[in-house]
Every structure is written in C-alpha cells, then in structure tokens.
Amino acid sequence: MSAIKYTFQIEKDDFSRAGEASSSIKKILMQVGSEPSLTRRVAIATYEAEMNIVIHSDGGTISVMIDPKCVMVLAKDNGPGIENIELAMKEGYSTATDRIREMGFGAGMGLSNMKKCSDEFSIESKIGEGTTIMMNMCVKEGE
Amino acid sequence: MQIIEVRDILEAEVLCCDEILTNEVNNAFSSDLMSDVLAFVNGKTLLLTGLVNCQVIRTAEMADLNVIVFVRGKSPDKNVIEMAKQGNIILLTTRDTLYTASGKLYSKGLKGINI
C-alpha cells in the first residue's frame with residue numbers, strides 16, 4: 001500500500017456535523033487494515049483536533065497521510081490563533097464558553113490528549129493567521 | 001459483565017441495539033467530560049453519562065466503546081439513537097443518578113479503570 005492522502009473541510013460552529021471527518025478517517029483506516037491501536041490513537045487525536053477547529057477557530061482543514069506503518073495528521077485553521085501556546089497546552093486550561101462545556105468539551109484536555117496520542121507533535125500559531133498542528137503516529141513494536 | 005446484567009441491575013430501558021446485549025464489558029467509567037473519556041478510556045468499558053448529545057456517540061465511536069448508559073432518566077433524540085445504531089453502540093437509560101448507577105454496578109463487581 002503506498003501513501004494515500006485525504007483532506008476534510010471543517011466548518012466553524014457546526015456542532016451537528018462535528019466529528020464526521022474523524023469518523024470518516026477512522027473508517028478509512030479500518031478499511032485499509034490499519035493496526036487497531038494505531039487506528040484508535042489517530043481517531044482520538046483527529047477528533048480532538050476537529051472539535052478544537054469547530055469550537056475555537058474560523059474553520060479549517062484536517063489532512064491525513066496514511067502509509068502502512070504511520071499516519072500523519074495535519075490540522076490547520078484560519079485563525080484567530082493562540083496567544084499563549086504554553087498555557088493552552090496545560091491540562092485543565094480552556095477558553096471555551098459554558099455552551100461548549102455543557103456539550104462535554106472545554107475541559108482543557110484537547111491539546112494534551114492529542115500530544116499523548118502522538119509519537120511526534122508540533123504546534124505553531126500566529127495571531128490573526130491561524131494554528132497548525134502536526135501529529136505523526138506509527139505502529140509501535142509488538143502491536 | 002454482560003450488558004444484559006447491566007440492564008437488569010439498573011432496571012434500564014434499552015434504546016438501541018438489543019440484539020447484542022450478550023456482549024461483555026470489563027470496566028466502567030462515569031463522566032460528563034468527553035475529553036476525559038477520550039484520554040482515559042479503552043474498549044470494553046461501559047460509559048455512564050448524563051450527556052445526551054451526538055458528541056457522546058462520536059466519543060464512544062472514536063474510543064472504541066460499545067455501550068453507553070444515560071442516567072437520571074435522560075434519553076437522546078432520534079437522530080442520536082440512529083447514529084448509535086449505525087455504529088453498533090448499545091444505548092441504555094436508567095432513572096438512577098450517576099452516583100447510584102455507578103454504585104450499583106460497582107457493588108455487583110464491575111470495577112473502574114486504572115488511570
């Protein structure tokens with residue numbers, strides 16, 4: 001199997017469809033026979049990224065590059081950007097509104113969950129431009 | 001523990017997927033915070049929650065969970081139930097509170113997860 005790439009458009013504030021991209025990505029990974037534990041890590045990380053784009057950004061995209069042993073996820077939004085990345089990465093820190101919290105999100109665990117699922121994780125953000133998160137996840141030995 | 005036992009212990013109503021009630025769960029996790037579910041929970045774990053929106057089903061789907069118990073008599077709307085059906089996720093609803101439902105299951109041997 002050679003590397004395959006998919007890109008999904010994520011709309012701002014579209015809570016009824018939030019999670020559809022991650023669900024599609026998970027189904028693709030299951031279809032290509034990706035290792036179950038890797039599939040689960042990718043699903044969780046992309047879902048957290050997707051929810052972040054819906055909740056906090058002006059919309060964006062999630063791309064996945066799938067090869068037999070590794071999956072790379074690129075989550076890119078169109079702003080507004082994160083002022084203090086260090087603070088945003090801290091477990092429990094969130095700028096989400098009460099409405100988001102009532103839906104079960106905004107607990108300040110999203111970015112740390114994504115990092116926990118990834119073998120490589122990087123985040124770049126510029127105020128007024130947007131945020132880009134890169135995550136790489138590979139099959140672990142013994143899986 | 002089989003899901004059918006969970007149903008009986010909590011006197012719960014089955015909202016979806018009653019054809020797979022003989023499936024087993026090894027542990028349970030009670031939470032209304034979906035990010036905590038995503039952070040800590042693995043497959044074969046029962047989720048007890050008071051949230052009834054579509055994100056609960058999405059969370060279960062991503063984390064490989066196959067059964068959700070809604071507490072305090074809550075029940076999601078039709079499209080949420082339909083979403084669970086498509087993912088083969090069993091949905092139950094009980095009149096018990098989160099605390100009581102968790103306690104009943106724990107006392108019958110269904111333990112929590114280690115984090």
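Letters A, B, ... are given to chains in the order of the sequence lines, protein chains preceding strands, and every chain is numbered from 1.
- With a 6.0 Å radius and a threshold of 12 heavy atoms from other residues, nucleotides or ligands, B:Q2 has its CD atom above the threshold.
- For A:R101, the CZ atom sits in a packed shell: over 12 heavy atoms of surrounding residues, nucleotides or ligands are nearer than 6.0 Å.
- Hydrophobic cluster membership is shared by B:L47 and B:F70, with clusters built from Ile, Leu, Val, Met, Phe, Trp and Tyr side chains linked at under 4.5 angstrom.
- For CD of A:E83, the number of neighbouring non-hydrogen atoms (other residues, nucleotides, ligands) closer than 6.0 Å is 12 at most.
- Highest contact tally toward chain A, considering only B:S31, B:A63, B:G87, B:C54, is held by B:A63 [criterion: heavy-atom pairs under 4.5 Å].
- Heavy atoms of A:S16 lying under 4.5 Å from chain B belong exclusively to its backbone.
- The existence of a salt bridge linking B:D64 and A:K26 is confirmed by a sub-4.0 Å separation between a basic side-chain nitrogen and an acidic carboxylate oxygen.
- Counting all heavy atoms, side chain and backbone alike, A:M109 lies closest to B:A39 at CE-CB, 4.2 Å.
- The greatest number of non-hydrogen atom pairs below 4.5 Å with chain B, out of A:T46, A:I44, A:I25, is found for A:I44.
- Between A:E20 and B:R58 the shortest side-chain heavy-atom distance falls below 4.5 Å.
- Put simply, A:V139 and A:M137 are part of the same group of oily side chains (I, L, V, M, F, W, Y) that touch within less than 4.5 Å, one to the next.
- For A:K115, the NZ atom counts as loosely surrounded, since its 6.0 Å shell holds 12 or fewer non-hydrogen atoms of other residues, nucleotides or ligands.
- Using a 4.5 Å heavy-atom cutoff, the side chains of B:M62 and A:R40 are not in contact.
- For A:K5, the NZ atom counts as loosely surrounded, since its 6.0 Å shell holds 12 or fewer non-hydrogen atoms of other residues, nucleotides or ligands.
- Taken from CE in B:M34 to CG in A:N113, the straight-line distance is 12.5 Å, to the nearest 0.5 Å.
- B:I115 and A:M114 fall within a single hydrophobic cluster, where Ile, Leu, Val, Met, Phe, Trp and Tyr are joined by side-chain heavy atoms under 4.5 Å apart, directly or via other members.
- Counting heavy-atom pairs closer than 4.5 Å to chain B, the top residue among A:G110, A:S22, A:G108 is A:S22.
- Within the model, atoms OG of A:S23 and CD of B:Q86 stand 9.0 Å from one another, a figure rounded to the nearest 0.5 Å.
- A:I62 and A:M65 fall into different hydrophobic clusters, where Ile, Leu, Val, Met, Phe, Trp and Tyr residues are linked whenever their side-chain heavy atoms come under 4.5 Å apart, directly or through other members.
- Neither the backbone nor the side chain of B:V80 comes within contact range of chain A, judged by heavy atoms closer than 4.5 Å.
- Taking CE of A:M51 as the start and CG of B:L38 as the end, the distance is 9.5 Å to the nearest 0.5 Å.
- Considering every non-hydrogen atom in both B:Q55 and A:F15, the closest pair reads NE2-O, 3.0 Å.
- Of the two parts of B:L51, only the side chain, counted from C-beta on, holds a non-hydrogen atom closer than 4.5 Å to a non-hydrogen atom of chain A.
- For the atom pair OG (B:S35) and CG (A:N52), the distance works out to 8.0 Å, reported to the nearest 0.5 Å.
- Linking Ile, Leu, Val, Met, Phe, Trp and Tyr residues whenever their side-chain heavy atoms come within less than 4.5 Å places B:L98 and B:L46 in a single cluster.
- Counting heavy atoms from C-beta on, the side chains of A:F105 and B:T59 come closer than 4.5 Å.
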